[in-house]
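In what follows, a structure is listed as structure tokens, so that the remarks can point back to it.
Keep in mind that what you see is a predicted model, and the values were worked out from it rather than measured. Side-chain atoms are counted along with the backbone in the values below, which use heavy atoms only and exclude waters and symmetry mates. Sequence lines set the chain letters: A, B, ... in the order given, protein chains first and strands last, and positions in each chain run from 1.
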Amino acid sequence: MSEPKDFVAAMDSNSRKTPVRVAFVTRRTSPHVKAHDDDTVMTFPEGLFRAAVAVEVLALILVAIALLWDAPLEGLADPTVTPNPAKAPWYFLGLQELLHYFPPVVAGVLIPTLVILGLIVIPYFKINIEAEGLWTRNRTQRLRILAVVTAVFAVFLAVFHVYAVLIPTLLIAASMFFSARSTPSPGRFQVWLASKPLSFWIMSWFLVQAAILTLIGTFFRGPGWSLVMPWSGQI
Amino acid sequence: MSLPKRVRSAWQYLFGNSASAFGTLSGVLLILLAVVPAKDYFREWLGYQKQYLRLIHGRGDATSLSRRFQGGLQQIWMPELGVVDRCTTCHTALKEASLADVKTQPFRPHPAIPHKLTEFGCVICHRGQGAATTVEEAHNSTKSWEEPILPARYLEASCGQCHLDRLMGTPRLNQGRDALAQYGCVRCHTIKSPDGVTMTGSDAPPPLQHIADKTTREWIAAWLKNPQAYAGSATMPNFQLADDETRDISAFLIAQSTPYQTHKGTEPAPAASQDTAALQEGTSLYGESFCSSCHAMQNTAGMLVGGNLGPELTRAGSKVKTEWLADWLRDPKTYDPDTRMPHYRLDAKEVGLLIGFLSSKSDSDFLGNTQLAAATPAQVEHGKTLVIERGCANCHAINGVKKPDNFAPELTLVGSRPLERILFAPGVPHTLADYIGAKIRQPRSFGNALKMPQYTLAPQQVDALATALLAQTQLAQTLPVSLRIPGRAPSHYRPAGKAGQLIDDMRCFSCHKIDGRGGDMAPELTWEGSSVERAWLVSFLKNPNTLRPSLIRRMPKFNVTDAEASTLADYIMTVYQTPAFDQETLDSSRFTPADVEHGKELFYGKYACQSCHIVDPNKDKGYIGPTLTQVGARLTASWIFHWLKNSQSLRPGTQEPVWNMNDEDARAVTAFLVAQKNAPRKEAAQK
Amino acid sequence: MANSLAEQLANLRDTRVWRSIFRSGFGPTNLHRALAVQQNVFLHLSSVKIRKRSLSFRVTWFLGTLSLGTFLILVATGIPLMLYYHPSVPQAYADMKDLRFAVSAGVFLRNLHRWSAHAMVLLVFAHLFKVFYRGAYRPPREFNWVIGVVLLMLTLFLSYTGYLLPWDQLAFWAITVGSNLISAVPVFGTKIRFLVLGGHTVNANALLRFYVLHCVVLPLAAAIFVAIHFWRIRKDGGIYSGEIKKP
């Protein structure tokens, strides 16, 4: 059945057989509709045991870690003694790093809010659902937009001296341009990149950025939020 | 089966499908989780307790030791003191005196101390982390506990947290507290006792408002360069000034100096007598006046001889101008109203002799290298800036420079200072005690721009100072007030009237303490009126001699007139009376010879007083307490009686033992002592 | 031996007691297996059958399962920890010391809780990115993605509130730094921070609030959302396992 049929409705009393699904197929907005479904297995025991094994492996690793390394504990909280640097939990250190460059209202409020909203709305945008390669349509126009956006953003970051964001941004923009190249025989990597939609690029940029900022905040920031090396013992 | 095949089949058996993998992994997880209780079982403290049981196993008193031993986690818990001390979990034998021969920790018994071991726990005195049950965490500084065990040489600091008074058992703490006052530490650093009393300096930094009349600019410059080169015992620290700095400061000090109200003009300055005979005479006058009770001087062997209340005089001749010295000897108060030097009432001849003697004490080398051109206004101005920067006015009165407030960091809580707030000099171990010691020893090693000067201190003085500073903890502030043994509040006692003027004139307070005010070189006089007979007092004031053969220092003769001695004696007899007893309780005229005889027996027999006191100079060898040959003439019967009954209530801290004499014994011994009126004095023993 | 053990187990499953507990009987047929899932209050969140391909490691890296696993470990260690903990100043910190030095396996409990918390944050983030890159957020799973984002935030809040509880310097200043960010919110910033901390600074009130959030409110919310999350996996067509490559 290579062509999806418009409509199939059927009834069957044999519960052991896979029930026929009813699907309304509209253009481009749904995941791949499979006329033939996969083979299925029983959740119990196949799925559950696999899940249990996975969780056990994790538990083994965590128990081993807990036996070998003690959780950090410092002196009694003392509001009069401020450690330098005072650091937030590691997953907020990316934000704290941004706080070093931008005013609190940007780094502490605007950016996290935008990230959360951005994450929530992802599945509600058609463009994300179609997931078309970025350059399949309007290539020239999009290239132009990309160039302008990158330039403006780069200037903005340079003005604020946010090189920790600027450099990865430029690298990612460069790979976007690289993927847009029209060569007669593109390499496999380029083909793979070219097939990626805009959301892929934004998300990857966010991931790289979050990772880099968190790493810098965790390992490279010492007294007065100055740049230090992790082995300098000042963190 | 080949090995790889076996491995493969074993793998297949263990992880072949998800169910067997689940089973296998569950087993592994259980084994791993079993490490948790195993880790508990092999805890350090359990090992120590087993070791202790083995240790006592072979001993004679093993049964009673093991009966007293309690296994398991032990703790001393006192919520109101914040004490959770688990030290006794490993230190199992703290109370076992019979294990005195055991030298290995953690099983050594605790030395005898005045407190019960369970009264305050361990950490309040020893510091460290009481809640911890591992050797490392209990004793050392860790991420979660900053304060390591206090090294034994600073241990007296812990006593000082509650004991704000002087304790007999804490010589190092007392020395440190004295040094804080004596070296002027407290003039720059504010240090408050836990009871809120601010420590004050006991040194007497001279005022510099009239310095130009006293000495030369060259001397000032040379002194500033290195005070200890002038006098090894000088209290003033070395500010490590450059030559141009000493030049400019001396210029400023001379420039700011104003003339003082001298005797000049009213009387000619006595000529300095320089011939050998006069020098000889001056030397003996210096000795007879007991100048060395307060002033030290190097003798020919290079040893420093004399007291430290006044400045060292080894090179005094290189320092002071003769006109000033004449004035000073006649009446020191005209130059410095707050000086500790008494008014000696010397006549012109005596002044001249002393000037001659002191002028001979000069050292041409000291000023040899100091040549100063006339000061420029710029240098004077720069000198003033330096004086302000270095905080000279913290100690010295200087015209036009105010005493700065909070010049140096407050040290009230230095004993609890968090290490995060401390910048360590290279090579200094990261503990508070080491930091304080290093900072006192070499302040500038922590940074050349620091203001703290370099002191010349012996190692034990550094330790004593560190001990006193380590007592300034947060804990001392937060402990219940009921535990605090307050120190003496500073007294501003001033006797009134004519006698008061005399007491002030002769600066009795420089050596004697009355009503909480004054020095402790000489006996306290607060209850002197109750203790002595008036006739003896008058004769003593006119011609003092020491009461204790073992002491070198003696009271100077102030050339008091009969009228003055009488005024003072009247005042002392009336005012300095103890409320502890009534003079009339004991009538000495009722003593019978039998009483005296019985008292003598008790004196030599039951109480063996001759171990410390001398009644019969030919027989007795007691040199610790005062000689009692004339005690009947000196002390009143009531005083002796009550002294024998309870000396501590009359003079707390006296060395006199507590006898717990009953009334009959005390009365008899008193009768014996009162009879000692006219026995011949043993002059030889005193010289 | 193994056989006899299996027999014993089989016999056990035939007892009345066993059958009263597990409503579905044990048996070799798919019906029995289906009932085992469908008749279980927890397991019935999942469908009775799942696609074989979705079970392969490559598809999910088991990140969702592992996130749940860390959550369960955290609950399991968190409850005993609560027994030794007083949310008051400075007793909270003294309790940390007791856990470390006096409580049997106290160190281990705290270690496991702490490291699992970090692992959970990492795994949930990883889960989010994995789902995104596989495009598994697309309809009909868009709302489950939103629930996932909510769960991510709950995870962060759980970790963040737990961070304060030891009441050591690390905790105090991490929370101080974090809560100062709240005050940057325009207009209501300081008010919100006051609400969160129960005061203008991190103090005993903040500790109590964070304790209640950490031990009651947030775990409950997380449990509910996890349930919905799993339910929606089933309702939205099972674990997304990608397209079938046409032969």
Side-chain angles (χ1 to χ4, degrees), chain A residues 38-90 93 96 218-219 221-226 228 230-235, chain B residues 14-43 82 84 123 127-134 136-137 140-148 410 412-413 416-424 430 432 474-475 477-478:
Chain A
D38 289 326
D39 295 341
T40 55
V41 291
M42 298 305 290
T43 301
F44 175 82
E46 284 301 314
L48 280 178
F49 271 104
R50 275 176 191 245
V53 167
V55 170
E56 273 194 329
V57 170
L58 171 80
L60 269 173
I61 294 168
L62 287 175
V63 166
I65 290 174
L67 283 172
L68 291 175
W69 289 284
D70 281 348
L73 184 69
E74 294 188 354
L76 176 63
D78 183 353
T80 62
V81 180
T82 316
N84 196 357
K87 286 189 178 182
W90 63 269
L93 284 182
Q96 208 182 341
T218 311
F219 296 112
R221 289 299 183 180
W225 215 250
S226 60
V228 296
W231 49 87
S232 68
Q234 290 176 9
I235 293 167
Chain B
L14 293 173
F15 299 101
N17 59 53
S18 46
S20 40
F22 175 70
T24 311
L25 283 172
S26 298
V28 176
L29 187 59
L30 275 177
I31 292 168
L32 200 59
L33 282 173
V35 175
V36 178
K39 249 185 149 180
D40 263 2
Y41 182 75
F42 290 108
R43 282 201 235 190
V84 184
V123 164
R127 309 200 183 176
Q129 186 175 187
T133 50
T134 62
E136 168 69 18
E137 303 227 24
N140 297 344
S141 192
T142 66
K143 269 218 125 132
S144 63
W145 189 268
E146 193 172 286
E147 207 160 43
E410 178 167 347
T412 301
L413 294 177
S416 301
R417 184 173 290 183
L419 295 186
E420 283 132 75
R421 293 221 195 121
I422 294 174
L423 277 178
F424 283 90
H430 277 47
L432 187 62
Q474 185 72 52
L475 181 71
Q477 310 273 338
T478 52

Quick one: closest heavy-atom pair of B:Pro418 and A:Val81, and the distance?
CG-CG2, 3.7 Å
Pairwise distance CD(B:Gln474) to CG(A:Asp78) - rounded to 0.5 angstrom:
8.5 Å
Can B:Ser26 and A:Glu56 be said to form a side chain to side chain donor-acceptor pair (under 3.5 Å), step by step?
CA-CA 7 Å; B:Ser26 298; A:Glu56 273 194 329; 2.5 Å; yes
Atom pair CG/CD1 of B:Leu32 and A:Ile61 - distance to nearest 0.5 Å
11.0 Å
Between B:Ser18 and A:Phe49 the two heavy atoms that sit nearest each other are OG-CB, 3.5 Å
Would you say that more than 12 heavy atoms from the other residues, nucleotides or ligands in this model lie under 6.0 Å from the CG of B:Leu423, or not?
no
In Å, rounded to the nearest 0.5 Å, how long is the span from CG of A:Leu76 to CH2 of B:Trp145?
8.5 Å
Looking at CG of B:Asn17 and CD of A:Glu46, how far apart are the two atoms once the value is rounded to the nearest 0.5 Å?
8.0 Å
Less than 4.5 Å apart, side chain to side chain, heavy atoms only: is that true for B:Ser144 and A:Glu74?
no
Residue from B:Val28, B:Val35, B:Leu33 passing side chain to side chain contact (heavy atoms under 4.5 Å, CB included) with A:Val63:
B:Leu33
Begin with the C-alpha distance, continue with both residues' side-chain angles, and end with the deciding distance and a verdict on side chain to side chain contact (heavy atoms under 4.5 Å, CB included) for B:Lys39 and A:Leu67.
CA-CA 9 Å; B:Lys39 249 185 149 180; A:Leu67 283 172; 4.1 Å; yes
